Number of protein chains: 2
Amino acid sequence: MSKQASLALRDLGADTPCCPSLAQQRVPAGTATVLAPAFKALGDPVRLQLMSMIASAKGGEVCVCDLTPAFDLTGPTISHHLKTLREAGLVDAERRGTWVYYRARPAILRQLAALLTVEPTTAA
Amino acid sequence: MSKQASLALRDLGADTPCCPSLAQQRVPAGTATVLAPAFKALGDPVRLQLMSMIASAKGGEVCVCDLTPAFDLTGPTISHHLKTLREAGLVDAERRGTWVYYRARPAILRQLAALLTVEPTTAA
DNA sequence: CCTCTAGGTTGACGTACATCTAATCAATGT
DNA sequence: ACATTGATTAGATGTACGTCAACCTAGAGG
């Protein structure tokens with residue numbers, strides 16, 4: 001079930017030109033249905049920090065063993081949040097030996113940022 | 001209870017320089033706690049479309065009477081979603097005569113966009 | 001003043017979510 | 001092969017969310 005979300009987000013990159021922007025035109029229902037889960041995934045303080053730790057990591061990736069001790073939560077809970085980020089298409093996971101490494105998907109982040117971008121001067 | 005969220009978001013604009021960006025440094029727990037509700041508010045397809053309709057409205061504002069018929073939902077449900085957007089500090093409401101008009105808060109949108117903005121070239 | 005209409009609020013109900021403990025799977029080292 | 005460490009999965013529970021039906025509030029107009 002994690003694959004549909006990732007594929008849907010990837011496909012959306014194809015049928016949208018570049019920067020639709022919330023404020024330029026009404027986002028279609030289909031686009032909203034696809035992108036809302038990504039925002040929802042970022043709508044939790046723990047996941048927002050996890051996303052930031054992954055995106056700002058040196059080398060572009062982080063071991064789960066470095067993420068878990070950063071919170072007062074159990075390992076399974078962190079794993080659950082990482083799964084949510086994964087299913088939202090925001091991150092990728094790769095197992096290398098004993099540890100699992102997470103990596104951000106910059107394209108999706110850029111797409112979400114573009115959607116929220118509004119003109120510097122308020123449109124009259 | 002809606003005032004705390006708005007004030008918290010406004011305050012955050014003061015103590016943060018301009019564009020912290022997820023990928024430049026780990027977002028502090030406090031910032032995550034304040035901004036996550038804004039992302040959560042956008043994490044629903046209906047609210048994402050409502051936000052878009054409000055932000056893209058001619059004249060910068062929309063009447064609720066124009067928003068409600070755009071969905072297969074009852075009036076109270078739309079009202080509830082608008083309240084969620086209001087409490088997240090994403091929109092402002094103003095009653096003028098019989099109708100209530102909603103207006104976007106560009107500053108908050110810009111802040112969220114800045115947080116998600118990543119470098120065009122992957123940072124090593 | 002009283003009624004009508006448009007919005008917003010409250011309470012209730014079903015579902016989804018965040019979190020935990022316990023069990024399972026994967027990889028390394030003795 | 002066995003035990004150990006790391007990560008995910010499964011089951012359970014309390015809380016929050018989305019939705020609707022019913023009620024309350026505020027202008028408009030007779």
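Just so it is clear, the structure is predicted and the values come from calculations on it, not from any experiment. Lettering follows sequence order; numbering is per chain, from 1.
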**Item:** Nearest-angstrom distance from the residue atom CG of A:L42 to P of C:dA18
**Value:** 12 Å
**Message:** Determine whether B:V46 and B:T77 satisfy the following criterion, side-chain contact (heavy atoms from CB on, under 4.5 Å), listing intermediate values before the conclusion.
**Reply:** CA-CA 10 Å; B:V46 173; B:T77 297; over 6 Å; no
**Request:** Measure the distance from CG on B:L73 to P on C:dG8 and round it to the nearest whole Å.
**Result:** 15 Å
**Item:** 5′-ward residue of the pair A:P76/A:G43 relative to DNA chain C
**Value:** A:G43
**Message:** Among C:dG8, C:dC20, C:dA18, which nucleotide has an atom closest to any side-chain atom of B:S79?
**Reply:** C:dG8
**Prompt:** Starting at CD of A:E87 and ending at P of C:dA16, how long is that distance when rounded to a whole Å?
**Reply:** 14 Å
**Asked** Which part of the nucleic acid, if any, lies within contact of A:G97, taking any heavy atom under 4.0 Å across all strands shown: a base, the sugar-phosphate backbone alone, or nothing?
**Response** sugar-phosphate
**Asked** Rounded to whole angstroms, how far apart are CH2 on B:W99 and C1' on C:dA6?
**Response** 8 Å
**Asked** NA contact type, A:Y102, heavy-atom cut-off 4.0 Å: base, sugar-phosphate, or nothing?
**Response** sugar-phosphate
**Proximal nucleotide (of C:dT10, C:dG7, D:dC20) relative to the B:K83 side chain** = C:dT10
**Message:** Taking the side chain as everything from C-beta on, heavy atoms only, tell me whether B:F71 gets closer than 4.5 Å to B:H81.
**Reply:** no
**Item:** Whole-Å distance separating the CG atom of A:D66 from the C1' atom of D:dG6
**Value:** 12 Å
**Request:** Identify which nucleotide among C:dC20, D:dG18, C:dG7 has an atom closest to any side-chain atom of A:T74, counting heavy atoms from C-beta outward.
**Result:** C:dC20
**Prompt:** Side chains of A:F39 and B:L112: closer than 4.5 Å at any heavy-atom pair?
**Reply:** no
**Prompt:** What integer distance in Å separates B:K40:NZ from D:dT15:C1'?
**Reply:** 11 Å
**Request:** Mind checking B:R96 for me? I need base, sugar-phosphate or nothing, with any heavy atom below 4.0 Å counting as a touch.
**Result:** nothing
**Request:** With heavy atoms under 4.0 Å as the rule, sort B:T98 into base, sugar-phosphate or nothing.
**Result:** sugar-phosphate
**Row check, B:Y102 ring normal vs B:R47 NZ/CZ: under 6.0 Å, within 45°** = no
**Asked** Among D:dT9, D:dA26, D:dT19, which nucleotide sits nearest the side chain of B:R95?
**Response** D:dA26
**Request:** Find which nucleotide of DNA chain D each of B:T84 and A:V64 is nearest to by heavy atoms, and output the residue with the more 5' nucleotide.
**Result:** A:V64
**Message:** I need the NE2-C1' distance between B:H81 and C:dT9, as an integer number of Å.
**Reply:** 15 Å
**Asked** Under a 4.5 Å cut-off applied to non-hydrogen side-chain atoms, are B:L42 and A:L42 in contact?
**Response** no
**Message:** With a 4.0 Å limit, can you tell me whether A:T77 has a side-chain N or O closer than that to the phosphate oxygens OP1/OP2 of C:dA18?
**Reply:** no
**Request:** Give the rounded distance in Å between these two atoms: CG of A:L85 and C1' of D:dT8.
**Result:** 15 Å
